[in-house]
Amino acid sequence: MATLKTQLKQAVEAAAQQLGASIEAVIQETPAGKSGDYGTPAAFLLAKTLRQNPAAIAAQLAERVALPEGIARAEAAGPYLNFFVDAGTFVRNVVQTRPGFPHQPDKVIIEHTSVNPNKELHVGHVRNVTLGDSMARIFRAAGYSVEVQNYIDDTGRQAAESLFAVRHYGRVWDGVQKYDHFMGEGYVALNADPEKPSFQEGISAMLHRLETGELRGEIEAIVHAHLDTCFRLGARYDLLNWESDVVGSGFLSQAMNILEASPSTSHPAQGKFAGAFVMDVSAFMPGLEEPNVVLMRSDGTAMYAAKDIGYQFWKFGLFEGMKFRVFSTDPDGHEIWTSHPQGEPDTQRRFGHAAEVINVIDTRQEHPQKVVAASLGVAGHPEQERRSIHLNYAFVTFEGQTISGRKGVGAKADDVIDDAIERAAVLFILKEAASERDILSADETNEAARRIGVGALRFAMLKSEPTRTLDFRWEQVLALNGDTAPYVQYAAVRAANILKKAAAEGFSPDGADWSQITELELELAKVVSRFPDVVTTSVRVHSPHVVAQYALDLATAFNGWYNARGDDGKPATNVLQSPAGLREARLALVERLRAAMEETLGLLGIEIPSAM
RNA sequence: GCGCUCGUAGCUCAGUUGGAUAGAGCGUUAGCCUCCGAAGCUAAAGGCCACAGGUUCAAGUCCUGUCGGGCGCACCA
């Protein structure tokens with residue numbers, strides 16, 4: 001069913017048609033203090049063709065416009081045409097409608113996390129994981145089928161250095177410490193070692209052993225440790241793709257063979273690129289001093305970007321042949337698959353074959369990502385080039401310092417999560433002791449603290465635009481009041497408590513008398529009705545921050561309504577004390593709000609605790 | 001130098017496809033629990049939307065330039 005705004009848009013456009021002009025009408029909420037609930041500046045657009053002043057046109061539109069159900073009247077306010085909704089009808093529609101999105105035929109692959117398997121995650125990775133995971137949830141809500149992939153760079157230098165360090169220093173894992181932390185310590189020590197330059201041969205040997213796959217088990221142990229951290233953050237995955245498998249499946253050479261045929265690529269015989277295989281990307285990246293990027297080195301080895309190109313081709317279903325098997329099970333019981341040389345062929349075309357690919361990678365990788373997209377264009381796949389999206393986010397600094405995994409500067413993700421939960425737990429217990437509400441069991445308390453702490457962390461990572469640099473500061477990121485997840489969670493808990501209390505007293509939403517609805521409820525329902533637009537916008541701009549801001553709007557609206565006072569200074573909206581009919585209508589609205597907050601936070605991977 | 005990106009209240013940030021008087025939070029100040037939970041609410045103070053031009057009936061939003069911050073410009077990943 002078309003939303004009210006859509007109906008209004010069509011009605012205005014039809015009225016404009018009657019006046020002899022066709023336009024694209026914009027419907028917006030009227031600013032506070034202006035008359036009406038929704039309005040349109042459509043008359044401005046008609047002024048030129050109709051050669052009349054906008055105010056006169058608005059008046060004519062007001063006469064001719066056919067009012068959809070729920071709109072009481074239309075009125076010109078100067079050049080604007082404003083609509084007045086019938087509060088009861090509007091609120092009833094909002095309460096009784098649960099917006100859903102039609103199924104989208106396009107499959108979307110979202111790659112995120114992709115942390116080097118050589119040391120533990122730090123706060124910068126938390127931004128990546130929460131962004132990608134939330135984007136996946138939002139795209140699913142918008143009707144797309146989504147496949148979440150995590151790329152394992154198992155043949156990279158970082159992994160080789162960590163594995164070398166363990167052997168070189170004779171380090172022994174105690175079986176207790178988180179394995180990625182253990183490996184990370186060796187890596188940091190190695191990079192602080194003044195003798196490191198003399199280790200090059202040993203590291204190269206390790207790199208070679210990685211390429212043969214004989215050390216895969218050690219890398220898998222690190223990946224398992226990484227996934228544990230990501231699970232704590234609420235992230236979920238469908239498939240792990242290993243670099244060695246991408247190369248082993250021949251995608252690298254297939255991609256290079258295709259690019260070979262393009263006039264954009266060449267093998268310079270002399271100059272600084274003599275012997276290498278290069279691609280001219282000047283058409284895609286204007287302003288580069290050097291238009292050529294190296295794909296294959298003169299010694300025949302592949303640059304990182306070249307491997308990524310083969311992988312991207314596979315994501316779009318242009319290459320086939322990787323084998324897969326189950327890797328592990330996530331906390332919800334869903335299987336996570338992995339590429340593997342001994343896996344089964346993907347005869348069902350279960351993985352890959354995407355119409356759109358979103359790579360969540362920080363902004364420093366913008367150039368290589370452009371090269372990857374450009375290669376699709378060079379190979380004659382402009383549609384896939386266009387739908388190769390680099391969701392780039394600015395890096396995270398830690399208390400003003402640049403994070404360096406090599407030097408070990410920056411907070412570990414596991415520590416941050418622990419701290420966030422700890423802070424929530426402390427406040428939770430303090431409040432429990434100070435109030436008269438029921439004391440929760442230890443398990444329930446821990447679960448509530450977990451939801452609040454992780455929620456606060458995720459929300460802090462998501463609430464502003466990804467393009468903004470984010471300085472991680474403890475008091476700001478783990479704050480439990482203000483523009484935070486706990487603020488929204490708290491509102492949802494209060495809504496749930498009203499419903500619980502009403503049920504205990506035998507009231508239900510049945511028997512609502514919508515004619516008693518007031519302006520206070522109308523304002524609340526208007527915010528709820530924005531949900532579909534919010535999801536659509538978030539998908540369009542590829543950013544969850546739109547959803548996060550909306551969650552705050554929902555909670556603010558609810559809190560404002562909840563605390564509203566009449567002229568006599570007494571509470572104006574107490575549900576249980578409301579007259580029969582209005583009480584039921586308010587109850588239904590409170591339930592709708594609660595559900596909206598739960599659904600909205602759910603898109604951000606944030607759960608609501610049973611109490612706060 | 002070139003490319004990308006950001007510049008909105010003391011600080012951290014929203015601001016939809018250009019539309020009516022630019023909004024939050026933190027902090028500051030003053031209030032609100034004898035009616036569903038104060039992690040909450042109400043109010044005050046705080047703005048040349050970096051600057052200068054331009055397009056438009058209309059610009060925080062689009063274009064050009066300038067200034068300032070960040071990032072990137074490897075036969076690293």
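From a predicted model like this one, the values you see are computed outputs, not experimental measurements. Every chain is numbered from 1 and lettered A, B, ... according to where its sequence line falls, protein lines coming before strand lines.
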Colleague: On RNA chain B, check which nucleotide each of Ala611(A) and Tyr38(A) is closest to and give me the residue with the more 5' one.
Modeller: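 Nearer the 5' end of the strand: Tyr38(A).
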Colleague: Is His367(A) near enough to C71(B) that one of its side-chain N or O atoms lies under 4.0 angstrom from OP1 or OP2?
Modeller: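 For C71(B), OP1/OP2 do not have a side-chain N/O of His367(A) under 4.0 Å.
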Colleague: Using a heavy-atom cut-off of under 4.0 Å over every strand shown, decide if Asp553(A) touches base, sugar-phosphate, or nothing.
Modeller: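 If one applies the 4.0 Å heavy-atom cut-off, Asp553(A) turns out to touch nothing in the nucleic acid.
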Colleague: Given A24(B), is OP1 or OP2 found less than 4.0 Å from the side-chain N or O atoms of Lys463(A)?
Modeller: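 Checking A24(B) against Lys463(A), no side-chain N or O comes under 4.0 Å of OP1 or OP2.
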Colleague: Between the base of A20(B) and the side chain of Gln28(A), is there a donor and acceptor pair under 3.5 angstrom?
Modeller: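 Result: at least one qualifying N/O pair found.
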Colleague: If you check the Asp483(A) side chain, which of A20(B), G25(B), A77(B) turns out closest?
Modeller: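 Per side-chain heavy atoms of Asp483(A), the pick is G25(B).
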Colleague: Which nucleotide, in any strand shown, forms a Watson-Crick or G-U wobble pair with G19(B), with both distances under 3.5 Å?
Modeller: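 When the pairing criteria are applied, C57(B) turns out to be the nucleotide that pairs with G19(B).
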Colleague: Considering only atom C1', compute the distance from G7(B) to U61(B) and round it to an integer number of Å.
Modeller: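 Looking at atom C1' only, G7(B) and U61(B) are 14 Å apart.
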Colleague: Among A77(B), C71(B), C35(B), which nucleotide sits nearest the side chain of Asn574(A)?
Modeller: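 From the listed options, C35(B) comes nearest.
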Colleague: For the side chain of Lys570(A), counting heavy atoms from C-beta on, which of C35(B), A38(B), A77(B) is nearest?
Modeller: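 Selected nucleotide (nearest to the side chain): C35(B).
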Colleague: With respect to the side chain of Arg468(A), which nucleotide from U8(B), G72(B), C41(B) is positioned closest?
Modeller: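 Closest nucleotide among those given: U8(B).
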Colleague: Cut-off 3.5 Å, side chains only: do Ser375(A) and Gln312(A) have a donor facing an acceptor?
Modeller: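 No.
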Colleague: So if I take every side-chain heavy atom of Thr467(A) and compare against C11(B), C6(B), A20(B), which nucleotide ends up nearest?
Modeller: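 It is C6(B).
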Colleague: If you check every side-chain atom of Tyr80(A), which of G40(B), C36(B), G19(B) has the closest atom?
Modeller: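 Nearest nucleotide to the side chain: G19(B).
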Colleague: Mind checking Asn118(A) for me? I need base, sugar-phosphate or nothing, with any heavy atom below 4.0 Å counting as a touch.
Modeller: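 Nothing, no nucleic acid heavy atom in range.
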Colleague: Regarding G37(B), can its base be found pairing with the side chain of Asn497(A) as donor and acceptor, where the two atoms are less than 3.5 Å apart?
Modeller: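 Flag set: donor-acceptor pair detected.
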Colleague: Stacking between C75(B) and Phe273(A), yes or no? Criterion: centroid separation under 5.5 angstrom, plane angle under 30 degrees.
Modeller: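 Answer is no, no stack.
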Colleague: Strictly below 4.0 Å, N to O, side chains only: are Lys501(A) and Glu505(A) in salt-bridge contact?
Modeller: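 No salt bridge links Lys501(A) with Glu505(A).
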Colleague: Pick the P atom in A74(B) and in A58(B), then give their distance to the nearest Å.
Modeller: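 That atom pair is separated by 46 Å.
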